[in-house]
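No hydrogens, no waters, no symmetry mates; every other heavy atom, side chains included, goes into these values. Just so we're clear, the structure is a prediction, and the values are computed from it rather than from any experiment. Starting from 1, each residue takes its place in the sequence as its number.
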Amino acid sequence: MSASALMSLGARAMAANYAALQATGHNIANANVAGYSRQQVELSSSEGTFSGSGYFGNGVEVTTVTRAHDAFLTREAAGARSLAAADDARLKNLQLMERVFPTGEAGVGHASGQFLNAMADLAARPADVATRQVVLARAADVASRFTAAAGQLDVLQGGVNEELRVDVKQVNQLAQSVANLNQRIIDVRGLGQPPNDLLDERDRTIAEISKYLQVSTVGAEDGSMAVFIGGGQRLVLGTHAEQLVITQDPVDATRSALAIKQAAGVITINPQGLGGGAISGLLRFQNEDLVHGRATLGQLAAAFAGKMNEQQALGLDMRQPAGSGAALFSVGAPQALPAASNAKGPGGAYSASVSLATVDASQLQASEYDLRADPAGAPGVWQLTRKSDGLVRSVASGDVVDGFRITLSTPAPAANDRYLLQPVSGAAGGMARVLDDPRGVAAALAVATSTAAANTGTASVARLAVVSPGLNAGLTAGITFSNNTGAYDWELRDAGNALVSSGSGNWTAGAPIALNGFELELNGVPAAGDAFSVGKTTFPGGNNGNALAFLSLRDAKLVGREALAGGALAGGATLTDAYASALAGVGVRVQGAGTAAGMSATLAHQAEDVRAGKAGVNLDEEAARLIQYQQSYQAAAKMLQVAQSLFDTLLQVTGR
């Protein structure tokens with residue numbers, strides 16, 4: 001072997017080890033760069049040269065520079081990161097929503113209790129105008145608490161809308177970066193070697209997208225990477241990136257929806273198919289948690305206001321002339337929102353409409369409803385789905401469901417029309433005290449009772465209550481017991497003492513006598529000939545019967561409970577219990593979201609650790625390699641030195 005062959009071996013060895021040192025230095029420099037994949041120089045032995053004495057090696061060649069990349073681990077880490085981001089985004093907003101339902105004196109339950117406590121003072125001083133003014137002030141406090149809470153939910157919705165727009169803008173920028181990187185990778189692909197740093201950068205960019213949306217990727221033969229979201233919608237294909245946009249929800253314009261711009265137009269993406277990512281978490285909070293919170297608050301507001309107005313209407317105020325009490329509260333009206341895809345007429349207006357009316361506020365549920373045409377095609381029949389539990393039932397125009405009536409317009413909606421029904425969602429936001437005159441508070445009962453002076457039994461009036469808005473206060477009821485066993489005769493007479501109607505009944509201890517929309521309960525035992533009369537209240541200022549009835553509502557079950565599987569209601573709840581249930585419901589959601597966020601964050605860290613263990617830089621390992629390649633480089637240099645010495649010796653020999 002000539003000295004030149006030995007020099008060639010040394011030069012190749014030096015070049016190979018220098019390349020290995022360069023790759024090792026690159027690894028050390030990028031050890032703290034997120035998503036960096038460790039690079040390694042791949043070496044191969046050069047083909048030997050044949051001689052009569054055998055094959056002599058020609059040294060080493062640098063084949064390529066590879067990166068320690070595992071596509072499966074990279075996808076797993078990105079998927080885990082997406083789920084963690086979704087859970088975290090939902091948790092943060094749920095924690096904000098929890099503040100809308102405070103405990104103690106700041107809560108809605110305390111304000112409503114204070115209003116009913118004011119009725120106790122009014123019962124003691126029914127004619128006192130100042131006490132009546134306090135009642136109105138407490139009523140205003142209740143309304144303001146509900147509207148303030150509803151306003152906070154609106155602020156949360158606005159925050160979600162803004163955060164979605166910011167996130168989508170970021171995703172669009174990242175998607176364009178992936179498209180640009182695809183172009184650069186395609187351009188250098190023809191050189192025959194992988195552009196490792198560009199590939200790492202593309203992987204990092206896709207990993208950033210996965211924080212906002214769960215993605216799936218498919219590699220192409222030209223080196224580009226296609227990125228898909230939302231159950232198959234393409235985000236990046238080759239060197240082209242689609243644009244995501246935030247649009248109004250197709251049914252509720254106050255909510256946001258995710259859509260993608262394509263050649264065919266703007267296509268709304270089903271949020272159920274997004275999987276993970278912060279955008280998915282925000283949409284889930286908006287479409288599930290925030291809807292439930294708004295409906296729960298609205299249910300409380302509608303039930304409270306409805307019962308208070310009902311009791312107010314059963315009483316008598318102090319105005320001149322005295323009349324039945326005007327409404328104390330108003331609430332936001334129930335509404336039926338048409339889908340944007342519903343049939344429209346020539347003028348662009350919807351061809352048909354659906355209207356809702358509250359019939360029994362105590363039966364209203366904390367839910368929205370989806371109204372669609374009956375799948376069986378039955379004429380005049382519609383399918384109503386309660387979204388809180390998925391209960392489906394068939395309804396027709398005029399039917400009353402969960403305390404509200406559904407009315408369809410003429411002509412009826414088209415077969416493909418659908419509506420989002422919100423019986424209580426806007427109730428709290430529109431709640432207000434509408435009675436301003438303190439004399440308008442109906443503290444008195446519309447009727448009063450009197451006992452005949454000649455009564456010989458021990459019976460006395462225990463309670464007189466108006467129980468029906470159909471009471472005719474202009475009629476006087478006379479009740480006369482015909483024997484000692486409880487049998488009685490009754491008659492109703494008008495203001496001119498003309499007989500309107502009469503009848504008989506049988507009184508039993510503990511059971512009220514019900515006539516003309518009122519109930520009369522007696523203590524003791526009536527004797528034959530005992531008589532009682534119930535007629536219009538003559539002096540409302542001295543009567544506190546309706547104020548006491550208000551006070552009794554503290555323990556009344558005036559809020560509808562959650563419905564059972566068959567559609568039947570599980571019984572009502574007091575306002576205090578219902579508010580406590582609302583607090584517990586939000587708390588359970590926060591706790592569940594916190595647990596999910598903690599678990600998904602742990603899984604994301606574990607998946608990233610596994611990926612980094614395969615592709616990341618181990619500085620101890622790189623330091624060992626640095627020494628290894630340094631020694632190899634020095635040995636190669638020594639080889640060159642020996643070859644140079646041999647060459648000089650040959651020159652000296654041949655020169656003589």
| task | Give a yes-or-no answer on whether the side chains of Gln39 and Asp197 include a donor-acceptor pair shorter than 3.5 Å. | result | yes
| request: Using atom types as modelled and distance alone, determine if a side-chain donor or acceptor of Ser425 lies under 3.5 Å from a backbone N or O of Gln422. | output: no
| task | Measure from the side-chain N and O atoms of Gln363 to the backbone N and O of Gly403, and report whether any donor-acceptor pair falls under 3.5 Å. | result | no
| said: Under 3.5 Å, is there a donor on one side chain and an acceptor on the other for Gln193 and Thr64? | reply: yes
| Given Val586 and Arg589, is the side-chain contact (heavy atoms from CB on, under 4.5 Å) satisfied, shown in steps? | CA-CA 5 Å; Val586 175; Arg589 286 174 180 261; 5.6 Å; no
| field | side-chain contact (heavy atoms from CB on, under 4.5 Å), paired with Leu421, selected from Val354, Leu337, Asp402, Asp370 | value | Val354
| Is there a donor-acceptor contact under 3.5 Å from the side chain of Thr147 to the main chain of Ser144? | yes
| salt bridge (Lys or Arg N to Asp or Glu O under 4.0 Å) partners for Arg611, two or more places apart | Glu608
| field | Asp154, CG atom: more than 12 neighbouring heavy atoms under 6.0 Å | value | yes
| message | Can you give me the closest heavy-atom contact between Ala295 and Ala366, atom names plus distance? | response | CB-C, 3.6 Å
| Whether over 12 other heavy atoms sit under 6.0 Å from Gln95 CD | yes
| Please walk me through it: do Gln214 and Ile229 pass side-chain contact (heavy atoms from CB on, under 4.5 Å)? | CA-CA 6 Å; Gln214 187 167 328; Ile229 62 168; over 6 Å; no
| request: Identify the two heavy atoms, one from Leu83 and one from Ser600, that lie closest to each other, and give their separation to 0.1 Å. | output: O-OG, 3.9 Å
| message | Using side-chain heavy atoms (C-beta onward) and a distance below 4.5 Å, is Pro423 in contact with Tyr369? | response | yes
| task | Taking Asp87 for its side chain and Gly594 for its backbone only, find out whether a donor-acceptor pair lies under 3.5 Å. | result | no
| said: Given 3.5 Å as the limit, does a donor-acceptor pair link the side chain of Ser280 with the main chain of Gly275, or not? | reply: yes
| said: Between Arg90 and Asp289, is the salt bridge (Lys or Arg N to Asp or Glu O under 4.0 Å) condition met? List the steps. | reply: CA-CA 9 Å; Arg90 179 172 178 248; Asp289 304 310; 2.7 Å; yes
| Nearest atoms (heavy-atom pairs only) where Lys614 meets Ala68 | O-CB, 3.5 Å
| request: List the steps, then state whether side-chain contact (heavy atoms from CB on, under 4.5 Å) holds for Leu356 with Ile406. | output: CA-CA 5 Å; Leu356 306 180; Ile406 303 172; 4.1 Å; yes
| said: I'd like to know if the side chain of Ser409 reaches the main chain of Ser353, judged simply by a donor and an acceptor atom lying under 3.5 Å from each other, with no hydrogens or angles considered. | reply: yes
| query | Is a side-chain donor or acceptor of Asn342 paired with a backbone partner of Arg418 at a separation under 3.5 angstrom? | reply | yes
| said: Quick check on Arg405: does its CZ atom have over 12 non-hydrogen neighbours (other residues, nucleotides or ligands) under 6.0 Å away? | reply: no
| remark: Tested for side-chain contact (heavy atoms from CB on, under 4.5 Å) against Val245, the lone hit among Val266, Val168, Thr268, Leu258 is Val266
| said: Quick one: does any side-chain atom of Ser397 pair with a main-chain N or O of Leu408 as donor and acceptor, under 3.5 Å? | reply: yes
| Judged by modelled atom types alone, do Asn182 and Thr239 share a side-chain donor-acceptor pair under 3.5 Å? | no
| note | To the nearest 0.5 Å, atom OG1 of Thr103 lies from atom CD of Glu98 at 9.5 Å
| query | Is it true that Tyr36 and His69 have ring centroids separated by less than 6.0 Å? | reply | no
| Beyond-backbone contact of Leu235 with Leu244, side-chain heavy atoms, under 4.5 angstrom | yes
| Any sub-3.5 Å donor-acceptor pair from Thr602's side-chain atoms to Gly598's backbone N or O? | yes
| message | With heavy-atom distances below 4.5 Å as the criterion, would you say the side chains of Phe404 and Leu364 are in contact? | response | yes
| query | Quick one: does Ser82's side chain get under 4.5 Å of Leu213's, heavy atoms only? | reply | no
| remark: For Ser388 and Ser367, the nearest pair of non-hydrogen atoms, with its separation, is N-OG, 3.1 Å
| Lys/Arg-Asp/Glu bridge criterion (N-O < 4.0 Å) met for Asp203, Arg67 | yes
| request: Specify the closest pair of heavy atoms between Val590 and Leu91, including all atoms of both residues, with the distance to one decimal. | output: O-CD1, 3.7 Å
| query | With distance as the sole criterion, is a donor-acceptor pair present between the side chains of Asn93 and Gln286 under 3.5 Å? | reply | no
| task | Please step through ring pair (Phe, Tyr, Trp, His ring centres under 6.0 Å) for the pair Phe304 and Tyr579, ending with a clear verdict. | result | CA-CA 11 Å; Phe304 179 81; Tyr579 186 68; over 10 Å; no
| request: Kindly indicate whether the side chain of Arg625, heavy atoms from C-beta on, has any atom under 4.5 Å from the side chain of Gln40. | output: yes
| field | Heavy atoms from other residues, nucleotides or ligands near NZ of Lys169 exceed 12 (cutoff 6.0 Å) | value | no
| said: To the closest 0.5 Å, what do you measure between CG (Leu96) and CG (Leu156)? | reply: 5.5 Å
| message | Between Glu242 and Gln262, is there a side-chain donor-acceptor contact under 3.5 Å, judged purely by atom types and distance? | response | no
| task | Specify the closest pair of heavy atoms between Phe285 and Leu94, including all atoms of both residues, with the distance to one decimal. | result | CE1-N, 3.8 Å
| message | Tell me whether Arg184 at atom CZ has more than 12 heavy atoms from other residues, nucleotides or ligands lying less than 6.0 Å away. | response | no
| task | Quick one: pull up CD1 in Ile28 and CD in Glu621 and give me the separation to the nearest 0.5 Å. | result | 11.0 Å
| Can you tell if the side chain of Leu283 reaches within under 4.5 Å of the side chain of Leu164, non-hydrogen atoms only? | yes
| query | Is there a donor-acceptor pair closer than 3.5 Å between any side-chain N or O of Asn30 and the backbone N or O of Asn27? | reply | no
| Any Val227 side-chain heavy atom under 4.5 Å of Arg234 side chain | no
| message | Can you list everything that forms a salt bridge (Lys or Arg N to Asp or Glu O under 4.0 Å) with Glu208? Sequence neighbours excluded, please. | response | Lys211
| side-chain contact (heavy atoms from CB on, under 4.5 Å) between Gln170 and Ile209: does it pass, once the steps are laid out? | CA-CA 8 Å; Gln170 187 67 24; Ile209 295 177; over 6 Å; no
| said: Can you tell me how far apart CD (Glu201) and CD1 (Ile206) are? Round to the nearest 0.5 Å. | reply: 11.0 Å
| query | Out of curiosity, Thr217 OG1 to Met225 CE, how far, rounded to the nearest 0.5 Å? | reply | 5.0 Å
| query | If we ignore angles and hydrogens, is there a donor and acceptor under 3.5 Å between the side chains of Asn180 and Gln176? | reply | yes
| query | Quick one: CG on Leu21 to NE2 on His26, what's the gap to the nearest 0.5 Å? | reply | 14.5 Å
| task | For the residue pair Tyr350 and Asp417, confirm or rule out a side-chain donor-acceptor distance under 3.5 Å. | result | no
| message | Using side-chain heavy atoms (C-beta onward) and a distance below 4.5 Å, is Ile185 in contact with Arg202? | response | yes
| said: Which residues pass the salt bridge (Lys or Arg N to Asp or Glu O under 4.0 Å) test with Glu368, not counting sequence neighbours? | reply: Arg255
